Each structure stands twice: as structure tokens, then as C-alpha cells.
A.B. asks: 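Would you mind keeping the following structure in view while I ask a few things?
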Number of protein chains: 2
Amino acid sequence: MEKIKILVVDDEARMRKLVKDFLVKKDYEVIEAEDGAKALDYFYNDKEIALIILDVMMPQMDGWQVCKEIRESSKVPIIMLTARGEERDELLGFQLGVDEYISKPFSPKILVARVEAILRRVIGEEKQEKMEAGGIVIDHAAHIVSVDGETVELSYKEYELLTYFMENQGIALSREKILNHVWNYDYFGDARTIDTHVKKLRNKLKDKGELIHTIWGLGYKFEV
Amino acid sequence: MEKIKILVVDDEARMRKLVKDFLVKKDYEVIEAEDGAKALDYFYNDKEIALIILDVMMPQMDGWQVCKEIRESSKVPIIMLTARGEERDELLGFQLGVDEYISKPFSPKILVARVEAILRRVIGEEKQEKMEAGGIVIDHAAHIVSVDGETVELSYKEYELLTYFMENQGIALSREKILNHVWNYDYFGDARTIDTHVKKLRNKLKDKGELIHTIWGLGYKFEV
DNA sequence: ACAATTATGTAATACTTTTGTCATAAAATA
DNA sequence: TATTTTATGACAAAAGTATTACATAATTGT
């Protein structure tokens with residue numbers, strides 16, 4: 001099947017690369033544009049683009065302008081990236097038909113989640129809504145986790161962490177890797193934080209907590 | 001195929017040599033620069049450099065400055081070496097677009113792993129995930145070792161040691177060589193330590209333990 | 001906007017496993 | 001056989017992890 005194309009517009013190469021890496025991992029085709037003019041150019045020449053991720057702050061032509069131009073001829077979903085602190089002009093965005101905002105720094109998880117939510121809405125494509133392993137079920141649509149049929153209440157981070165583990169069953173994950181995926185990419189906190197979260201998660205999963213194995217000297221692994 | 005070029009910048013010749021040795025062994029071409037000015041000079045005159053390893057602490061022009069200069073004209077991946085204790089200015093690094101940090105002392109393994117991870121990300125090359133020899137299988141993704149189908153639990157060092165042996169099948173390895181690869185470069189402990197680890201490893205590998213041959217007066221060799 | 005609640009990250013401490021060293025036994029070499 | 005090198009097992013030291021408590025940040029309800 002043809003891959004879904006996403007256009008990423010940002011003047012910072014690093015940011016484009018970052019976004020691209022995560023989307024490519026999810027099997028999307030990513031086209032990069034370093035400024036508004038190039039973005040419009042790519043967009044007009046490739047009718048297949050399913051979604052645009054647009055940085056607000058760019059020299060020459062900012063994200064709003066690009067958005068406005070595109071909206072004159074297309075209803076393609078647009079996600080706006082806003083910098084930390086930068087105020088969101090929600091109203092302007094609403095008028096221009098922005099579908100979503102994501103504040104930098106963002107976690108890759110959030111980005112991918114938003115992208116998929118929008119595409120699901122627009123394309124109506126169904127994605128993996130449920131995950132199961134060893135009696136643990138995550139229902140992403142309902143945002144509910146159950147262990148042996150019984151619902152357990154997880155906090156946001158715990159939920160993300162468990163999801164990451166279950167997405168990578170049988171794979172040894174270093175703390176660094178976990179931090180990079182579950183936390184924000186620019187989070188430079190203590191890797192020991194993970195221990196605490198793992199502990200809490202294990203507790204809540206009751207006897208299924210032991211499915212999260214400690215790999216001494218390396219990190220953790222989820223395995224049934 | 002053309003070798004991939006890596007530029008190593010450090011004022012200490014010892015450190016440069018060390019890094020170079022390991023990278024050369026992995027078939028990279030290494031260019032050394034002893035100060036920031038020379039580094040920039042080499043970099044601007046050789047457009048083929050695929051990655052830069054940069055020491056933070058250097059007289060005249062420190063690593064940050066070099067990094068900043070390079071970032072003004074290039075997106076080449078940069079790994080920063082920081083001394084033990086020296087505080088990492090993560091934020092500054094992030095702004096300058098540092099790709100990775102490695103703290104001295106580091107194990108050669110870590111260094112090579114980071115380099116390959118970055119290059120893989122940039123160049124998009126895949127690495128070997130499984131190794132097999134004489135009924136011993138190492139699954140690096142799962143971090144599992146099995147002997148004749150049965151999983152064996154290895155400690156961190158045992159795992160590293162076995163990996164090193166299997167990477168160098170049929171090659172006689174001196175204790176010194178083993179120390180330099182599996183242990184940190186600044187580990188000056190007793191080479192006899194290896195004997196103990198080899199012993200434990202042999203035990204855990206059961207009858208396959210004898211694949212690790214003792215070479216009297218020299219060291220060890222893994223051979224099927 | 002405020003207080004109350006909950007979630008998250010950090011630090012300190014307790015705990016566990018791993019690792020290195022040593023003493024001694026065994027084996028190989030000359 | 002004397003000497004050098006390696007194997008082995010016990011144990012102390014080091015390093016990694018679990019757990020708890022607490023401060024701070026985020027969220028919720030009023």
C-alpha cells in the first residue's frame with residue numbers, strides 16, 4: 001500500500017529531522033520543507049500530501065501565512081508547532097482552520113498520537129485500538145487499561161510507559177531509550193526517575209507487574 | 001566502498017589515539033585534530049566528513065566554540081566528550097545542535113555504539129541484531145543468550161565478554177586486548193580479573209564453555 | 001482565582017547483584 | 001622439578017536497582 005505523505009515545515013533542520021524520524025518509524029512518508037515558499041511549492045506539486053506539520057516561527061514567511069495560503073485552496077489537516085512560551089493565537093488559528101497545536105518541546109508520543117488521531121478522523125482509517133499481552137489490555141480508544149479483566153487506574157506517564165513497553169515486547173530497552181520516547185526529547189532529568197515510575201506501574205499491575213523485567217546494567221524489558 | 005570519515009578533535013594525543021584505534025578497527029577513517037582551529041580547517045577542506053567527535057575542554061578554543069562555528073554552515077552530527085564531573089550544559093548543547101554526549105571515562109563499546117547509532121540514523125544503515133556460533137545465540141535486541149535453545153542468564157560483563165569473543169571468532173585475544181574492549185579504557189585493574197569472568201562464563205555456557213579456549217601465555221580464543 | 005487533589009520528579013536510603021581481588025590449587029612449560 | 005601461568009572459590013567492595021518520603025508542578029473542582 002502507498003504510504004501516507006506528511007509535509008513537515010520548519011526552518012530548523014534539527015526539528016524537521018526529529019519529527020521525520022518518529023513519523024518514518026510509524027511508516028509515514030515525510031517530505032521536508034525549510035521555509036514557507038518551499039512548503040507551498042511542494043504542496044502544490046504533490047496532491048497526495050495528507051497532512052502538514054507547520055512551525056509557527058519561521059523567517060520570511062511565518063506559519064500563519066503558509067497556513068492561510070494553503071487554506072485558500074485546500075482543507076488538508078494542519079498541525080501547528082508553537083515554541084515554548086510563545087503565545088498561541090487560538091482565535092487566528094481557528095479562523096485559519098488549524099486542526100491542532102503542539103507546543104515545543106513535545107514528546108514524540110504526543111506528536112504521533114495527534115497525527116494519527118487526525119488522520120483517523122479525516123481518512124477514516126482504523127488503527128490499532130487495542131493492545132493485549134499477558135492479560136493486560138490497553139484500549140487506546142477508551143484510554144482504559146485492564147489487568148485480567150479488572151480496570152486499573154494509571155496516570156498519564158504510567159499509561160505512556162506501559163504503552164511503550166507493550167509496543168516493544170521482548171525488546172531490551174535502556175533507560176535512555178525510554179526517556180527519549182516516553183518523556184520529552186529535551187528532557188534531561190535523572191534516568192532514575194524511570195525506576196520510580198516502573199515501580200508504581202508494577203504495583204498497579206499487581207502480579208502482572210513482573211512482566212516488566214529488570215535487565216541489570218541495561219534497563220527494562222516487557223515480556224510475557 | 002569508500003570508508004566513512006570521522007574527525008576526532010582533542011588536545012590530548014592519548015585520547016585521540018584511543019578513539020581512533022577503536023574506530024579504525026570498525027573500519028572508519030579517522031582524521032585527528034589537536035585543536036579547534038585545525039579542526040575547522042580540516043572540516044572546511046574535506047566535505048566528506050560524516051561525523052565529528054569533539055572534546056569540550058580544550059585550550060584556546062573550546063568544544064562549544066568549535067561546535068558553534070561548524071553549526072553555522074553544516075548539520076554534520078557532533079558527539080561531545082565531557083570530562084568526568086564537568087557539568088554538561090545540556091541546554092547550550094541542545095541549542096548548538098549537539099547530537100550526543102559521552103562522559104569520560106567511557107567504554108569503547110559505548111563510543112562505537114553511539115557512533116554507529118548516529119550514523120545509522122543519518123545514513124540509514126542497519127546493524128546485525130543476532131549472532132550465532134556453535135549453538136550459542138545472542139539476540140541483541142532482546143538481550144538474550146541461549147545455548148542449544150536454552151536461555152542462560154548472563155551478567156552484564158559476561159554478556160559483553162561473550163559478545164566480544166563471538167565478534168572475534170578464531171582470533172587469539174590477549175588479556176590486555178580484552179580489557180581494552182570490554183572494560184573502560186581507564187580501567188587499570190588486574191588482568192587476572194578476566195580469568196574469573198571467563199571461568200563464570202564457561203560455567204554458564206555449560207559444555208559449550210569449552211569453545212572459549214585458553215591460549216597459554218597469551219590469552220583466550222573463541223572457536224567452534 | 002483559590003484551595004484541594006493528584007501527578008511527577010528528586011533525593012535519600014535500603015537492598016541486591018555484580019564485580020574485582022586475593023589466596024590457593026592445578027596445569028603447562030622449560 | 002622448578003617456574004610460570006591459569007583455574008577456582010570465597011569474600012569484600014563497588015555498582016546498580018528498589019523503595020520510600022517528600023517537594024514541586026499540574027490538574028481539578030468550587
Side-chain angles (χ1 to χ4, degrees), chain A residues 84-85 103 105-107 109-110 143 145 152-164 172-176 178-184 186-206 209-222, chain B residues 84 90 103 105-107 109-110 143 145 152-164 172-176 178-184 186-206 209-222:
Chain A
R84 192 211 301 270
S103 299
F106 49 83
S107 82
K109 201 115 207 155
I110 294 275
H143 202 269
V145 175
V152 291
E153 297 292 332
L154 296 187
S155 78
Y156 174 73
K157 275 274 141 70
E158 287 157 5
Y159 186 94
E160 296 293 302
L161 188 57
L162 180 60
T163 302
Y164 185 55
L173 302 167
S174 68
R175 286 187 174 68
E176 200 189 342
I178 296 173
L179 273 187
N180 283 334
H181 282 80
V182 181
W183 273 256
N184 289 359
D186 71 340
Y187 174 75
F188 294 121
D190 195 347
R192 288 289 136 209
T193 295
I194 294 172
D195 298 32
T196 305
H197 286 276
V198 166
K199 198 231 156 220
K200 288 178 183 166
L201 183 53
R202 278 174 172 161
N203 277 157
K204 292 196 181 175
L205 297 180
K206 309 266 173 63
E210 61 196 24
L211 294 181
I212 302 172
H213 305 266
T214 300
I215 302 180
W216 218 91
L218 207 158
Y220 298 94
K221 177 170 71 168
F222 183 94
Chain B
R84 192 211 301 271
E90 303 274 5
S103 299
F106 49 83
S107 79
K109 201 124 206 142
I110 295 274
H143 202 266
V145 175
V152 292
E153 298 291 334
L154 297 187
S155 80
Y156 177 72
K157 274 272 143 71
E158 286 157 6
Y159 185 96
E160 296 292 302
L161 188 56
L162 180 60
T163 301
Y164 184 55
L173 301 166
S174 68
R175 287 186 175 67
E176 201 192 342
I178 296 172
L179 273 186
N180 282 334
H181 280 80
V182 181
W183 275 256
N184 287 0
D186 71 339
Y187 174 76
F188 296 120
D190 195 346
R192 288 290 137 204
T193 293
I194 294 172
D195 297 31
T196 305
H197 286 278
V198 167
K199 194 234 155 214
K200 287 180 182 166
L201 183 54
R202 279 174 170 159
N203 276 157
K204 292 196 181 176
L205 297 179
K206 308 267 172 61
E210 60 196 24
L211 294 181
I212 302 171
H213 305 269
T214 300
I215 302 179
W216 215 88
L218 206 160
Y220 299 94
K221 177 171 73 167
F222 183 94

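As the structure is a computational prediction, the values presented were derived from the model and not from experiment. Residue numbering restarts at 1 for every chain, and letters A, B, ... go by the order of the sequence lines.
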A.B. asks: Could you tell me, to 10°, how much the axis swings from one end of the helix from C:dA1-D:dT30 to C:dA30-D:dT1 to the other, five pairs per end?
C.D. replies: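 Angle reported: 40°, given to the nearest ten degrees.
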
A.B. asks: If I take atom CD in residue B:E158 and atom P in nucleotide C:dT17, what distance separates them, rounded to the nearest angstrom?
C.D. replies: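 Whole-Å distance recorded here is 14 Å.
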
A.B. asks: Return the value, rounded to whole Å, for the distance between atom OH of A:Y156 and atom P of C:dG9.
C.D. replies: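 The distance from OH of A:Y156 to P of C:dG9 comes to 10 Å, rounded to the nearest Å.
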
A.B. asks: Could you tell me the separation between the CD atom of B:E153 and the C1' atom of C:dT18, rounded to a whole number of Å?
C.D. replies: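 Rounded to whole Å, this separation is 14 Å.
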
A.B. asks: Kindly write out the residues that satisfy side-chain hydrogen bond (donor to acceptor under 3.5 Å, both in side chains) with B:K157, not counting sequence neighbours, or none if the list is empty.
C.D. replies: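 For B:K157, no residue satisfies side-chain hydrogen bond (donor to acceptor under 3.5 Å, both in side chains) once neighbours in sequence are set aside.
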
A.B. asks: Taking N or O atoms only and anything under 3.5 Å, show me the protein contacts with nucleotides 5-11 of chain D, one pair per line.
C.D. replies:
{"unit_1": "D:dT5", "atom_1": "O3'", "unit_2": "B:G217", "atom_2": "N", "d": "3.4"}
{"unit_1": "D:dT6", "atom_1": "OP1", "unit_2": "B:R175", "atom_2": "NH1", "d": "3.3"}
{"unit_1": "D:dT6", "atom_1": "OP1", "unit_2": "B:G217", "atom_2": "N", "d": "2.9"}
{"unit_1": "D:dT6", "atom_1": "OP2", "unit_2": "B:R175", "atom_2": "NH1", "d": "3.4"}
{"unit_1": "D:dT6", "atom_1": "OP2", "unit_2": "B:R192", "atom_2": "NH1", "d": "3.3"}
{"unit_1": "D:dT6", "atom_1": "OP2", "unit_2": "B:R192", "atom_2": "NH2", "d": "2.5"}
{"unit_1": "D:dA7", "atom_1": "OP1", "unit_2": "B:R202", "atom_2": "NH1", "d": "2.9"}
{"unit_1": "D:dA7", "atom_1": "OP1", "unit_2": "B:T214", "atom_2": "OG1", "d": "2.5"}
{"unit_1": "D:dA7", "atom_1": "OP2", "unit_2": "B:Y220", "atom_2": "OH", "d": "2.6"}
{"unit_1": "D:dG9", "atom_1": "OP2", "unit_2": "B:K199", "atom_2": "NZ", "d": "2.8"}

A.B. asks: Going by the rule side-chain hydrogen bond (donor to acceptor under 3.5 Å, both in side chains), which residues pair with A:T214 if we only count those two or more places apart in sequence or in a different chain?
C.D. replies: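 Per chain and number, A:T214 pairs via side-chain hydrogen bond (donor to acceptor under 3.5 Å, both in side chains) with A:R202.
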
A.B. asks: I need the CD-P distance between A:E160 and C:dG9, as an integer number of Å.
C.D. replies: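 Nearest whole value for this atom pair: 12 Å.
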
A.B. asks: Which one, C:dT10, C:dT8, C:dT19, comes nearest to the side chain of B:K157?
C.D. replies: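 Shortest atom-to-atom distance from the side chain points to C:dT19.
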
A.B. asks: Under the rule for salt bridge (Lys or Arg N to Asp or Glu O under 4.0 Å), what residues qualify as partners of A:E176, not counting sequence neighbours?
C.D. replies: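 Scan of A:E176 (salt bridge (Lys or Arg N to Asp or Glu O under 4.0 Å), adjacent residues dropped) gives B:R114.
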
A.B. asks: Would you say C:dG9 has OP1 or OP2 under 4.0 Å from some side-chain N or O of A:H197?
C.D. replies: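 Answer yes for this pair, as a side-chain N or O of A:H197 is under 4.0 Å from OP1 or OP2.
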
A.B. asks: The criterion is salt bridge (Lys or Arg N to Asp or Glu O under 4.0 Å); which residues satisfy it with A:E160, sequence neighbours excluded?
C.D. replies: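 Per chain and number, A:E160 pairs via salt bridge (Lys or Arg N to Asp or Glu O under 4.0 Å) with no residue.
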
A.B. asks: For A:D195, check side chain to side chain contact (heavy atoms under 4.5 Å, CB included) against everything at least two apart and list the hits.
C.D. replies: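 With sequence neighbours excluded, A:D195 shows a side chain to side chain contact (heavy atoms under 4.5 Å, CB included) to A:R175, A:R192, A:Y220, given in chain and number order.
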
A.B. asks: Quick one: list whatever passes ring-ring contact (aromatic ring centres under 6.0 Å, His included) with A:F222, sequence neighbours left out.
C.D. replies: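 A:F222: no ring-ring contact (aromatic ring centres under 6.0 Å, His included) contacts found.
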
A.B. asks: Without decimals, in angstroms, what is the distance between A:E176 CD and D:dG16 P?
C.D. replies: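 Interatomic distance, CD of A:E176 to P of D:dG16: 15 Å.
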
A.B. asks: Which class fits the ring pair B:H197 and B:W183: parallel under 30°, tilted 30 to 60°, perpendicular over 60°?
C.D. replies: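 B:H197 and B:W183: perpendicular rings.
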
A.B. asks: Rounded off to whole Å, could you give me the OH-to-P distance for the A:Y159 and C:dT8 pair?
C.D. replies: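 Atom OH in A:Y159 sits about 14 Å away from atom P in C:dT8.
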
A.B. asks: Mind calculating the distance between CG (A:D190) and P (C:dA11) to the nearest angstrom?
C.D. replies: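 Taking atom P of C:dA11 as the reference, CG of A:D190 is at 7 Å.
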
A.B. asks: Between atom CH2 in A:W183 and atom P in C:dG9, what is the gap in whole Å?
C.D. replies: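 Rounding to the nearest Å, CH2 of A:W183 and P of C:dG9 are 6 Å apart.
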
A.B. asks: What pairs with B:K206 under side-chain hydrogen bond (donor to acceptor under 3.5 Å, both in side chains), at least two apart in sequence or on another chain?
C.D. replies: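 Applying side-chain hydrogen bond (donor to acceptor under 3.5 Å, both in side chains) to B:K206 gives none.
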
A.B. asks: If the test is side chain to side chain contact (heavy atoms under 4.5 Å, CB included), which one of A:L211, A:L201, A:V182 qualifies with A:L162?
C.D. replies: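 Answer to the side chain to side chain contact (heavy atoms under 4.5 Å, CB included) test with A:L162 among A:L211, A:L201, A:V182: A:L201.
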
A.B. asks: DNA chain C: B:A191 or B:K204, which has the more 5' nearest nucleotide?
C.D. replies: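 Its nearest nucleotide lies further toward 5', so the answer is B:K204.
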
